[in-house]
Protein chains: 2
Amino acid sequence: MPDMTASKMPLFIACDDEEHDGPSERALREGAELMFFGYRSFTQDPDKILSELDYGRAHHRALHFIGTQPGLSVAELLDILDVTKQSLARVLKPLIDDGLVEQRVGENDRRQRLLFLTNDGVAFEERLSAPQRARLTRAFREAGPEAVEGFRFVLELMMDEEQRKQALTVIAGAKPL
Amino acid sequence: MPDMTASKMPLFIACDDEEHDGPSERALREGAELMFFGYRSFTQDPDKILSELDYGRAHHRALHFIGTQPGLSVAELLDILDVTKQSLARVLKPLIDDGLVEQRVGENDRRQRLLFLTNDGVAFEERLSAPQRARLTRAFREAGPEAVEGFRFVLELMMDEEQRKQALTVIAGAKPL
DNA sequence: CATTTATGTCAACGTCGCTGACATAAATTG
DNA sequence: CAATTTATGTCAGCGACGTTGACATAAATG
């Protein structure tokens with residue numbers, strides 16, 4: 001361990017001191033702003049499509065998770081989206097009425113309404129996701145596999161323990177292919 | 001240019017083909033879900049504080065950018081936030097009324113209202129940012145500098161050219177320290 | 001049979017986007 | 001100087017999406 005006696009230390013530490021024991025102020029602010037601008041870029045394409053129909057971002061989220069985990073129950077979807085039953089209902093009802101989502105009574109538990117995308121629902125979800133996937137594809141390709149690993153690592157670590165578990169469960173539990 | 005005649009191409013491409021010319025389906029879906037869950041985690045702490053007062057996420061955004069770029073004009077803030085004048089007004093007025101934001105007439109152009117945080121505004125913004133900074137600090141520390149580079153790289157590449165320019169300008173133009 | 005669980009629905013509310021229109025003051029330009 | 005443009009503020013109204021609290025139904029469970 002190097003000599004760290006006070007006589008060898010600067011009296012004032014620069015605010016943007018990278019040698020300090022953590023990320024610099026600047027790095028933190030940049031990180032926060034990248035989250036803001038990045039997320040906005042990520043959602044803007046589907047938002048544009050949705051706004052032309054009578055849907056919003058919440059409809060996309062529902063379609064996405066029903067699409068990747070067909071047959072999930074309403075309760076499970078509520079848990080993933082972390083919204084109230086009433087909020088979900090306002091999103092789910094139009095999707096069902098418009099023939100994009102289908103409900104089937106659970107086989108084991110006939111109280112449950114299991115959720116599936118119809119063919120139209122699959123098509124619409126893909127139309128919404130396509131520009132996002134294109135964005136991710138381009139970013140992942142240009143950034144390279146190591147950067148992608150870092151991206152995933154940091155975002156995972158941004159979550160609380162419980163949230164991370166839930167997110168990883170959702171990601172892992174999604175229908176293969 | 002390599003030979004790409006049909007006879008050398010596989011008839012069917014596996015859905016999760018990592019050897020293909022881009023990120024796998026699975027990687028893309030994971031990326032999308034990490035954006036969703038990560039952003040939610042990132043915003044949840046300040047959201048909780050804000051909801052107890054009469055503010056929302058939009059107030060935090062305004063405070064953040066006024067804080068990092070004191071003296072920006074209303075037009076500049078509109079450009080950063082990418083909302084309408086009316087949307088911003090509804091956010092800005094309460095902040096001014098509550099003494100968190102101060103307006104000063106521009107010296108060169110007296111039509112401009114330059115925006116500054118008051119002492120109370122600085123304190124409140126720091127209170128809101130503290131948990132986010134803690135989150136980022138923890139994630140950056142545990143992930144390590146290389147991962148952080150990847151995180152930033154991927155998020156930057158997620159933006160369109162114009163957006164990226166704007167974001168980098170904002171990040172670079174922020175008040176040093 | 002009583003309770004709990006899964007779901008749906010109604011009323012009321014708040015935040016935060018939007019559009020379109022109009023007002024004011026200051027800068028700019030012909 | 002008069003006309004126009006620019007920077008800002010404000011009004012009315014609307015839509016999406018989140019909230020809470022209460023209540024109803026059907027099915028599972030003890």
Side-chain angles (χ1 to χ4, degrees), chain A residues 36 39-40 43-44 46-64 66 71-98 101-116 128, chain B residues 36 39-40 43-44 46-64 66 71-98 101-116 128:
Chain A
F36 170 69
Y39 192 73
R40 185 165 77 185
T43 54
Q44 70 180 356
D47 282 357
K48 195 181 289 181
I49 299 172
L50 288 156
S51 68
E52 287 166 11
L53 295 105
D54 262 7
Y55 297 130
R57 197 179 292 177
H59 299 86
H60 185 194
R61 289 199 284 260
L63 290 171
H64 171 84
I66 296 171
L72 44 43
S73 67
V74 172
E76 287 168 334
L77 185 53
L78 282 173
D79 198 49
I80 291 170
L81 296 177
D82 197 27
V83 296
T84 60
K85 201 174 19 164
Q86 295 75 5
S87 291
L88 179 57
R90 215 173 4 177
V91 167
L92 216 43
K93 199 167 189 310
L95 291 175
I96 293 166
D97 291 347
D98 295 349
V101 169
E102 187 187 354
Q103 288 185 316
R104 296 181 206 153
V105 170
E107 294 183 359
N108 299 330
D109 185 336
R110 287 188 3 220
R111 291 171 303 180
Q112 291 183 329
R113 302 296 129 94
L114 306 185
L115 302 168
F116 298 85
L128 291 173
Chain B
F36 170 70
Y39 192 73
R40 187 165 75 183
T43 54
Q44 70 179 357
D47 282 356
K48 195 181 289 181
I49 298 172
L50 289 156
S51 68
E52 288 166 11
L53 295 106
D54 262 7
Y55 297 130
R57 197 179 293 177
H59 299 86
H60 186 193
R61 289 199 284 261
L63 290 171
H64 171 85
I66 296 171
L72 45 41
S73 68
V74 171
E76 288 168 334
L77 185 53
L78 282 173
D79 198 50
I80 291 170
L81 296 177
D82 196 28
V83 297
T84 59
K85 202 174 18 163
Q86 297 74 5
S87 292
L88 179 58
R90 217 181 359 188
V91 168
L92 217 42
K93 200 167 187 311
L95 292 175
I96 292 166
D97 291 346
D98 294 349
V101 168
E102 188 187 354
Q103 289 184 316
R104 296 181 206 154
V105 170
E107 294 183 359
N108 299 329
D109 186 337
R110 285 184 10 218
R111 291 171 303 180
Q112 291 182 330
R113 301 295 128 93
L114 306 185
L115 302 168
F116 298 86
L128 291 173

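Every chain is numbered from 1, with letters handed out A, B, ... down the list of sequences.
- In this structure, A:Arg57 CZ and A:Thr43 OG1 are separated by 3.5 Å, a value rounded to the nearest 0.5 Å.
- Once rounded to the nearest 0.5 Å, the distance linking NZ of B:Lys93 with CG of B:Asp98 reads 10.0 Å.
- Residues of residues 71-85 of chain B that place a heavy atom closer than 4.0 Å to DNA chain C, in numerical order, are B:Asp82, B:Val83, B:Thr84.
- For A:Asp54, there are no side chain to side chain donor-acceptor pair (under 3.5 Å) partners two or more places apart in sequence or in a different chain.
- Here the straight-line distance linking atom CZ of B:Arg61 with atom CG of B:Leu77 works out to 10.5 Å at 0.5 Å rounding.
- The salt bridge (charged side-chain N to carboxylate O under 4.0 Å, His left out) check on B:Glu102 picks up B:Arg104, with sequence neighbours excluded.
- With rounding to the nearest 0.5 angstrom, the CG atom of A:Leu95 is 5.0 Å from the CG atom of A:Leu63.
- In this structure, A:Leu88 and A:Gly106 both approach DNA chain D, and ranking their closest nucleotides by distance from the 5' end singles out A:Leu88.
- Here the range on DNA chain C touched by chain B, meaning any atom under 4.0 Å from one of its heavy atoms, is C:dT15 to C:dA27.
- Atom CZ in B:Arg90 sits about 12 Å away from atom C1' in D:dA12, given to the nearest Å.
- Under the side chain to side chain donor-acceptor pair (under 3.5 Å) criterion, A:Asp79 pairs with no residue at all, not counting sequence neighbours.
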Per-pair distances, 0.1 Å, donor-acceptor, side chain in residues 82-92 of chain A, under 3.5 Å, sequence neighbours excluded:
| unit_1 | atom_1 | unit_2 | atom_2 | d |
| --- | --- | --- | --- | --- |
| A:Thr84 | OG1 | A:Ser87 | N | 3.3 |
| A:Thr84 | OG1 | A:Ser87 | OG | 3.1 |

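- Looking at residues 52-63 of chain B, you'll see B:Asp54, B:Gly56, B:Arg57, B:Ala58, B:His59, B:Arg61 sit with a heavy atom under 4.0 Å from some atom of DNA chain C.
- Atom CG of A:Leu92 and atom C1' of D:dG18 are 16 Å apart (whole Å).
- For A:His64, there are no ring-ring contact (aromatic ring centres under 6.0 Å, His included) partners, not counting sequence neighbours.
- Here the side chains of B:Tyr55 and B:Ile49 are not in contact, with every heavy-atom distance at 4.5 Å or above.
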Pair B:Leu72-B:Ile80, side-chain contact (heavy atoms from CB on, under 4.5 Å): steps then yes or no: CA-CA 10 Å; B:Leu72 45 41; B:Ile80 291 170; 4.0 Å; yes
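- Taking OH from B:Tyr39 and CD from B:Gln44, the interatomic distance works out to 12.5 Å, rounded to the nearest 0.5 Å.
- Legend: residues meeting side chain to side chain donor-acceptor pair (under 3.5 Å) with A:Gln103, ordered by chain and number and at least two apart, are absent.
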Please tabulate, for side-chain N and O atoms in residues 105-114 of chain A, each donor-acceptor pair with protein atoms closer than 3.5 Å (sequence neighbours left out).
| unit_1 | atom_1 | unit_2 | atom_2 | d |
| --- | --- | --- | --- | --- |
| A:Asp109 | OD1 | A:Arg111 | N | 2.9 |
| A:Asp109 | OD1 | A:Arg111 | NE | 3.1 |
| A:Asp109 | OD2 | A:Arg111 | NE | 3.4 |
| A:Asp109 | OD2 | A:Arg111 | NH2 | 2.9 |

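- Taking 3.5 Å as the limit, the base of D:dT10 and the side chain of B:Gln86 contain a donor-acceptor pair of atoms between them.
- If you check residues 107-116 of chain A against DNA chain C, the residues with a heavy atom closer than 4.0 Å are A:Arg111, A:Gln112, A:Arg113, listed by number.
- Here the closest non-hydrogen pair linking A:Pro46 and A:Leu128 is CB-O, 3.7 Å.
- Using five terminal pairs a side, the axes of the helix from C:dC1-D:dG30 to C:dG30-D:dC1 at its two ends make an angle of 20°, given in steps of 10 degrees.
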